[in-house]
Amino acid sequence: MSELRIVVTAAALLLAMLLAIALGRRLRAGVLILALLSLVWLSANRDFEGPILFSVGTTHGLVLSDLVGLGGLGVAVWQWRRARW
């Protein structure tokens with residue numbers, strides 16, 4: 001049952017991030033929501049981190065699921081900079 005909860009949580013966060021990307025094309029609030037969800041993703045992805053891509057120390061590093069949050073932040077910054085409100 002806990003595996004299902006993890007999958008549903010991940011799917012909900014990813015869907016919310018995709019909707020925020022679509023909303024961010026027209027509204028500043030969408031960009032802010034995307035940035036916030038990306039930060040939430042980076043703090044909540046402990047249950048499904050995946051393989052370590054880059055290790056800074058024994059307890060710190062970059063894992064595969066961190067790329068989703070970093071990608072979301074990157075898209076938010078890109079949309080913010082190119083938007084004409």
Side-chain angles (χ1 to χ4, degrees):
M1 184 64 176
S2 66
E3 291 176 8
L4 178 61
R5 183 179 59 89
I6 291 169
V7 170
V8 168
T9 302
L13 275 171
L14 289 172
L15 179 62
M17 288 173 77
L18 290 174
L19 291 173
I21 288 170
L23 181 63
R25 292 182 181 204
R26 293 194 167 74
L27 299 174
R28 186 176 296 176
V31 175
L32 295 175
I33 290 169
L34 176 60
L36 179 65
L37 287 172
S38 297
L39 292 173
V40 167
W41 178 267
L42 288 172
S43 65
N45 67 357
R46 306 235 188 292
D47 292 332
F48 33 87
E49 287 186 337
I52 298 172
L53 302 175
F54 179 74
S55 182
V56 178
T58 57
T59 58
H60 298 303
L62 179 71
V63 294
L64 188 61
S65 67
D66 288 342
L67 296 180
V68 174
L70 294 174
L73 283 174
V75 169
V77 168
W78 176 69
Q79 284 185 340
W80 185 271
R81 294 191 73 199
R82 77 180 266 269
R84 296 183 185 133
W85 291 300

S.K.: Taking atom CG of L19 and atom CG of L14, what is their separation to the nearest 0.5 Å?
M.R.: 11.0 Å

S.K.: Is it possible for you to say whether V56 and L64 belong to one hydrophobic cluster, with membership spreading through side-chain heavy-atom contacts below 4.5 Å?
M.R.: yes

S.K.: Using a 6.0 Å cut-off, check whether atom CD1 of I52 has over 12 heavy atoms from anything other than its own residue.
M.R.: no

S.K.: List in chain and number order the residues that pass side chain to side chain donor-acceptor pair (under 3.5 Å) with S65, two or more places apart in sequence or in another chain; answer none if no residue qualifies.
M.R.: N45

S.K.: Verify the cluster assignment for L37 and L15: are they in a single hydrophobic cluster under the rule of side-chain heavy atoms below 4.5 Å apart?
M.R.: no

S.K.: As a quick check of understanding, evaluate side-chain contact (heavy atoms from CB on, under 4.5 Å) for S43 and L39, giving each step before the final call.
M.R.: CA-CA 6 Å; S43 65; L39 292 173; over 6 Å; no

S.K.: Honestly curious: do V63 and V40 fall in one hydrophobic cluster under the side-chain, below-4.5 Å linking rule?
M.R.: no

S.K.: Starting from W78 and following side-chain heavy-atom contacts under 4.5 Å between hydrophobic residues (I, L, V, M, F, W, Y), which residues can be reached?
M.R.: none

S.K.: I'd like to check the side chain to side chain contact (heavy atoms under 4.5 Å, CB included) partners of A35; sequence neighbours left out, ordered by chain and number.
M.R.: L73, A76

S.K.: With sequence neighbours excluded, tell me which residues meet side chain to side chain contact (heavy atoms under 4.5 Å, CB included) with L36.
M.R.: none

S.K.: Does anything in residues 20-44 pair up under ring-ring contact (aromatic ring centres under 6.0 Å, His included), and if so which pairs, sequence neighbours excluded?
M.R.: W41-F48

S.K.: Which atoms form the tightest heavy-atom contact between I33 and A20, and what is the distance?
M.R.: CG2-CB, 3.9 Å

S.K.: To the nearest 0.5 Å, what is the distance between CG on L67 and CG on L53?
M.R.: 5.5 Å

S.K.: Tell me the ring-ring contact (aromatic ring centres under 6.0 Å, His included) pairs involving residues 56-77, sequence neighbours left out?
M.R.: none

S.K.: Before giving the answer on side-chain contact (heavy atoms from CB on, under 4.5 Å), spell out for V68 and M17 the whole-Å C-alpha distance, their side-chain angles and the decisive distance to 0.1 Å.
M.R.: CA-CA 10 Å; V68 174; M17 288 173 77; 4.2 Å; yes

